[in-house]
Amino acid sequence: MIDASNAENWAYRPLTRTRKEDDSPYKRERQAEEEIQRLCKMRPRARRETLLAREPAGSPARLREETLVYALRECAVRGDDETAWGLAELLTERVSGHIARQLAKWRLPQEDADDVTHDLFALLFDALFSQEATGEFWEVRFWVCLDRRLWNLVEKRQASLDAQLSESSEQEASENGESSMLRIRDSGPGPEALAEYGEALTALAEHERLAVYLKYIEGLPEESDDPKRQTVAKIMGVTGRTVRNYLRRAEQKLREWNEK
């Protein structure tokens, strides 16, 4: 049950969280500060309409994400769940495209990308509806918080894939004596090798195929501490760890192809 007087009358809530380095208080961006102050002075109906408006990007009427987080937390603590969940839905719409674009850069398999997205939204909602002081940072640097949590989830997912694929590759090497990758490498970089393994390589995704070609046909290292040295990671514009993920996935696919 909403307490009408409590839900309608907003008093500006300052930040309470401080920085660890110098114990100084966090500060909101000026635009977010001005938007929040303006919302506090509005009548309830006008404030709700302003908050839930689907304004296009670039519109001067579009509220900052930090402002929406402040409003969501205010609505939640005052018992206005309908508006709070409306704001959560609005924030979800705003971040979905950004999350998809970031995940595309890391080239996670679709199933893993879907899992990361699901986990990220769960973390996001927990933070938004939390009344802990730690939730205030979303009111200060929303996109920094989002990207930091997204990166952590991707790192955990890649580490898990690393472990699974490494275990699978080691088992394959133990059972069969050598891997498909080593057979490609030992065939040499000539046209015969490409012809022999051409059909098998079509089973790979483009980035996996390029990683295999650069490492096992061209003989380039995955990565190097020498900034002048050409590497697979440098050519592909990814980290050495990502290159190793590509190679392990390629190994698994080639092993499955060989078994057909």
Quiz item: Side chain of R229, backbone of S224: donor and acceptor closer than 3.5 Å?
Solution: no
Using 30° and 60° as the class limits, which term best fits the ring planes of F121 and F125: parallel, tilted or perpendicular? tilted
Nearest heavy-atom contact between L220 and V232 is O-CG2, 3.8 Å
> Can you check whether A205's main-chain N or O pairs, donor with acceptor, with Y246's side chain at less than 3.5 Å?
Replying inline: no
Of R38, Q31, E35, the one forming a side chain to side chain donor-acceptor pair (under 3.5 Å) with T67 is E35
Sidechain-backbone polar pair: R28 side chain, V140 backbone, donor-acceptor under 3.5 Å: no
Can a donor-acceptor pair be found, under 3.5 Å and without considering hydrogens, that links the side chain of E65 to the backbone of W143? no
Taking atom types as modelled, find out whether T239 and E223 have a side-chain donor-acceptor pair closer than 3.5 angstrom. no
ask   = Salt-bridged, E89 to R54, with N to O below 4.0 Å?
value = yes
Exactly one candidate in M42, Q37, K41 meets side-chain contact (heavy atoms from CB on, under 4.5 Å) with L39; the answer is M42
**Message:** I'd like to know if the side chain of R13 and the backbone of A11 have a donor-acceptor N/O pair within less than 3.5 Å.
**Reply:** no
Check: Is a side-chain N or O of R48 found less than 3.5 angstrom from the main chain of P44, in a donor-acceptor match?
Finding: no
Within the structure provided, determine whether L150 and L103 are in side-chain contact (heavy-atom separation under 4.5 Å). yes
request  = Determine whether more than 12 heavy atoms belonging to other residues, nucleotides or ligands lie under 6.0 Å from atom CD of E49.
outcome  = yes
**OP:** Return yes if some donor-acceptor pair links the side-chain N/O of T242 with the main-chain N/O of V238 below 3.5 Å, else return no.
**Re:** no
Are E34 and E29 close enough, and set up right, to give a side-chain contact (heavy atoms from CB on, under 4.5 Å), and what steps lead you there? CA-CA 9 Å; E34 292 173 351; E29 294 285 345; over 6 Å; no
Query raised in the report: Are side-chain heavy atoms of Q230 and I235 found at a separation under 4.5 Å?
Result: yes
- Query: Taking NZ, NE, NH1 and NH2 as the nitrogens, is one of them in K27 or E33 under 4.0 Å from a carboxylate oxygen of the other?
  - Reply: no
Open item on the list: Between S59 (side chain only) and E55 (backbone N and O only), is there a donor and an acceptor less than 3.5 Å apart?
Closed with: no
Salt-bridge criterion met for R141 and E66 (N-O under 4.0 Å): no
Can you classify the ring geometry of Y70 versus Y12 as parallel (below 30°), tilted (30 to 60°) or perpendicular (above 60°)? parallel
**Item:** Donor + acceptor pair across side chains of D80, T83 (<3.5 Å)
**Value:** yes
**Q.** Heavy-atom donor-acceptor pair, R73 side chain to S130 backbone, under 3.5 Å
**A.** yes
